[in-house]
Amino acid sequence: MTEVILALSVVFITASVLLVIANQFGFSAIPFYIIAGLITGMFVDQPELVELAQWGIAFLVFVFGLRLDVSDLQSVLRDGEVVAITQVVVVGPIAVAIGYLFATSFGFNEPIRNAIYFGAAATLSSTIVGAGVLKSELRSNLVHGRLASSIHLFDDLIAIVVVLMLSAEVITDPTVVTSKLGFGVLFLIAGLFIYRHGFELLVRAAGGTDELVLMGSISILIAFMVAAEIAGISIVIGAFAAGLAIRNDRAESLSMRNGIESIKDFFVAIFFVTIGALVQLPDLEGLLIAAVLIGLVLVVNPVIQLVTFLYEGYDSRTAFLASSSLNQISEFSLIIAIQALLLGTIADALFDAIILAAVTTMLLTVVGRRYEDQLYDTVVAPVLGSRQSRFVDTHSQTAEGLSDHVVIVGYGRQGRQLVERLTELGEPYVVVENDPALWEELDAECQNYVLGDAQNDYTLEKARLSAARLLVSTVDHQPVSRSLLDADTEADRILRASSSAEAAKLLDSGATFVSVPNVLAADGLVETVREVLEDDRELSRIKSDQLTTLRELERRGLATRFERS
Amino acid sequence: MVGNFWIMFYLIDREGFSVETSFLGSINMVQVSEFSLVVGALALAQGYIGPDVLGYLTLMALLTMTLSTYIIAYNHAIYERVSPWFSRFEDGETADREIKEYRNHAVAIGYDEITERALPVLKEAYDDVVVIDRKTTHIEQIKDEKQYEYVFGDFRHKEVRKAANLSKASFVLSSSVQTEVNEILLAETNDEAVVFVEAERIADARRLYNSGAAYVIMSTYLTAATLCEYLEQYFTDPSAFEAATQADIERVRQRQAAAERSTDPVDGTPLGGGTDD
């Protein structure tokens, strides 16, 4: 027992020191856990930690299943499914073929399995590492945020299927594989059943006590994992099904989530450190495999995604930003690798290569994010420039000689209301929007529009910004605001920011006005608060007024289009 | 159980507290602590005691914990019963000072541009205005104002909600757009409380109204409405446009200045904050 405590202390102390460094430079924690493992692995050798690492896997996947909102699936998958499928269908076989080449030339046992491991590592690019950064972009509902998170989800689901298949002892025997898949499906159905009916019972039995709900949820997790062991499939499936079973949208779930997140963080740290500790210094074979893997993940994957996005009609900046958030090795590949190591079915060189490549790509992703925009401007934009301009030409409609008009950037809820008001006032306008999914509406509802990237000079030219009287941006994204400020025009500029600090900076840089939603909403709110405090009978009137307004907004088609949080 | 009670009662009463306080304080102490089990286990590991002693200790702990649970749960009721007999210990002094507990107060969740404007209005109507926020920068700003009470913590945690005594609040203003936070809020406030919450989507707003919200702030639509007004003024009455936008710009600058005065750099991500699509 004391050896485990000693090992854990070494692990966590090393990890803490490295995390302080990571935090200074703004890196995420995960690659540094792995590095901590690499360091401690040279001095400490603890088989017990591998047991604990399994729990890390279980909790990681459990929380993933927990966060997955079954009802959201449809809307999330809709966005990037073509790109995700293309990537898997194109890169997958190529990667597996390369993996097979390595396996046979280096003489690994079980070449097919190893080829699949290599293929999975090269193709799957979902991540927890990138997910944190994506969250803020998803909130501002930027197109590339939506696309990237859609692909992440898709990759995660494919990973679950791959893990399921790989838990078959003999993967070349179709009956074994299908029976495993069958079990997996059974588990998922059980999970969904509990989601529908079981969880309510649990909460009622717990009488709303937080501790009991938490214990109940963890019991469900363990029960599923044990069942998975007995059925001979990977515990990952059990944990995933258990995650699906727990409802996340109830008020009681909140404190349960708090509790589980803490436990998850603990075990996940151990998981990543253990992975690092299991890595030996790679020999030439390992380094070669790692290099090819990195090349595939950093270059081939993004390029294929970029091309597919362009084909789908997204502007080049969106395409680039979305695909560049997808250039790392997924944690699921690490899970696959460590499970294979425990079963003894993966070659050492391949294992080392996958882990090293994962660390490298994770670190590079974070660095790359900082210079994303520069990279786009210097490398990608010149190459794709003319193609983009032709696209903008065919997807726009602006009246000849338009001038003294209003340019509205963004055709979301705010944009649509502004267009409505301008139509009432009889003022000319041009709408600039970059989401191809809105093309039909732009065509039907807007007098003039340009479908293109607002940060692109040609788009602004097409919108005749230089002759405009007023520019109103409804996009809450600093780079867009900044580039609109730099644009060559005499027009007054109304921009948008999410906080006063940001707004103040934009005002200092020359914006005529900056709308900060909270500031603008505050006026109306304070009025309402005053009314209520003076006479609380006003409450029912206020409520019915607002419900009427909301119905009105829906009728006018101004409700939220994308039901995503 | 008996010995502890009387010893504690005597000690507390001696300090000058009222009989009720001494009684309640000492009757909460009539069990064997879990720490005794820890010490016992250690002693066993070191070989100072035998397993039978530890077993006896555990049994005592179980018994006393079980009994004391009910005693503590009904401690006030028990006191009602025995207070006539205990009045012989009364010293005829005044009752002890109550620890301050918020009651019929206003609570604001999240200190951002929206709540900041509402706080002075709430202060006029309620004695205590409590602000819950999880960012140190915001807490510092509230401290500087010297007008409002604050609870530093994440609203999602029960202890934080208890510290603000949410169940006794009369008015709650939430600028969080997360529906689960608002649902918990509506579940834990009492029925007479007026609760303002925030939502981003119309479906969520309807759900919150059904759960008992008094008003659902939809900042994106409020902003859009205001922006449309400004847009109209830009064309029809430019001086009014100037005046209105200047007022907002003033507010933005004030808020930024207040944020800069607090020691940490502003990170600029308020809890609410509309999104657009």
* Asked: Hey, does the side chain of Gln417(A) reach the backbone of Cys228(B) with a donor-acceptor pair shorter than 3.5 angstrom?
  -> no
* Minimum-distance pair of heavy atoms, taken over all atoms of Val252(B) and Ala503(A) -> CG1-CB, 3.8 Å
* Which answer fits Ala125(B), side chain, backbone, both or neither, if we ask what part of it has an atom under 4.5 Å from a heavy atom of chain A? -> side chain
* Asked: Quick one: what part of Arg257(A) sits under 4.5 Å from any heavy atom of chain B, side chain, backbone, both or neither?
  -> neither
* Below 4.5 Å from any heavy atom of chain A, which atoms of Ala205(B) appear? Answer side chain, backbone, both or neither. => side chain
* Structure fact -> Heavy atoms of Asn518(A) and Ile114(B) approach each other most closely as O-CG1, 3.3 Å
* In terms of heavy-atom proximity below 4.5 Å to chain A, should Phe155(B) be classed as side chain, backbone, both, or neither? -> neither
* To do: Specify the closest pair of heavy atoms between Ala214(B) and Leu539(A), including all atoms of both residues, with the distance to one decimal.
  => CB-CD2, 3.5 Å
* In terms of heavy-atom contacts, does OH of Tyr150(B) have more than 12 from other residues, nucleotides or ligands at under 6.0 Å? -> no
* Specify which of Leu422(A), Thr549(A), Thr512(A), Val406(A) makes the most heavy-atom pairs with chain B at under 4.5 Å. => Leu422(A)
* Rounded distance (nearest 0.5 Å) linking atom CG of Leu520(A) with atom OG1 of Thr226(B) -> 4.5 Å
* Report, as yes or no, whether the 6.0 Å neighbourhood of atom CD on Glu200(A) holds more than 12 heavy atoms from other residues, nucleotides or ligands. => yes
* Asked: Got a sec: does the CG of Asp535(A) have more than 12 other heavy atoms crowding it under 6.0 Å?
  -> yes
* To do: Run the numbers on Ile494(A) and Tyr234(B) for side-chain contact (heavy atoms from CB on, under 4.5 Å), then give the verdict.
  => CA-CA 11 Å; Ile494(A) 298 182; Tyr234(B) 182 84; 5.6 Å; no
* To do: Pick one of side chain, backbone, both or neither for Arg117(B), based on which atoms fall under 4.5 Å of a heavy atom in chain A.
  => both
* To do: Could you tell me if the ring centre of Tyr230(B) sits under 6.0 Å from that of Phe513(A)?
  => yes
* Structure fact -> When the 4.5 angstrom heavy-atom criterion is applied to Arg156(B) and chain A, the contacting part is both
* **Under 4.5 Å from a heavy atom of chain B, the part of Val475(A) involved** => neither
* Of all of Arg530(A), Glu534(A), Glu427(A), which one pairs up most often with chain B through heavy atoms under 4.5 Å apart? -> Glu427(A)
* What part of Leu533(A) gets closer than 4.5 Å to chain B, counting heavy atoms only: side chain, backbone, both or neither? -> side chain
* Is chain B contacted by the side chain of Asp545(A), its backbone, both, or neither, given a heavy-atom distance below 4.5 Å? -> neither
* Taking the side chain as every heavy atom from C-beta outward, state whether Leu470(A) and Leu231(B) have any atom pair closer than 4.5 Å. => yes
* To do: Rounded to the nearest 0.5 Å, what's the gap from NZ on Lys543(A) to OH on Tyr209(B)? Could you check?
  => 7.5 Å
* Residues, nucleotides or ligands: over 12 heavy atoms within 6.0 Å of Glu552(A) CD -> yes
* Asked: Where on Val194(B) is there a heavy atom nearer than 4.5 Å to chain A: the side chain, the backbone, both, or neither?
  -> side chain
* Do we see a donor-acceptor contact under 3.5 Å between the side chains of Ser500(A) and Glu113(B)? -> yes
* Pick one of side chain, backbone, both or neither for Leu173(B), based on which atoms fall under 4.5 Å of a heavy atom in chain A. => side chain
* **Segment of Leu507(A) engaging chain B (4.5 angstrom heavy-atom cut-off)** => both
* **Validation row: Tyr215(B), Leu525(A) side chains within 4.5 angstrom (heavy atoms)** => yes
* Structure fact -> Heaviest contributor of heavy-atom pairs below 4.5 Å to chain B, chosen from Val514(A), Val516(A), Leu550(A), is Leu550(A)
* To do: Take Phe235(B) and Arg421(A) through the test side-chain contact (heavy atoms from CB on, under 4.5 Å) and record every step on the way to the result.
  => CA-CA 11 Å; Phe235(B) 287 106; Arg421(A) 186 60 69 95; over 6 Å; no
* Write down the atom of Glu200(B), the atom of Arg413(A), and the distance for their closest heavy-atom approach. => O-NH1, 2.7 Å
* Close side-chain approach of Gln546(A) to Tyr221(B), heavy-atom, < 4.5 Å -> no
* Asked: NZ of Lys162(B): more than 12 outside heavy atoms within 6.0 angstrom?
  -> no
* Asked: Are Arg206(B) and Glu554(A) within salt-bridge range, i.e. N to O under 4.0 Å?
  -> yes
* Asked: Where does Glu116(B) contact chain A at under 4.5 Å (heavy atoms): side chain, backbone, both or neither?
  -> neither
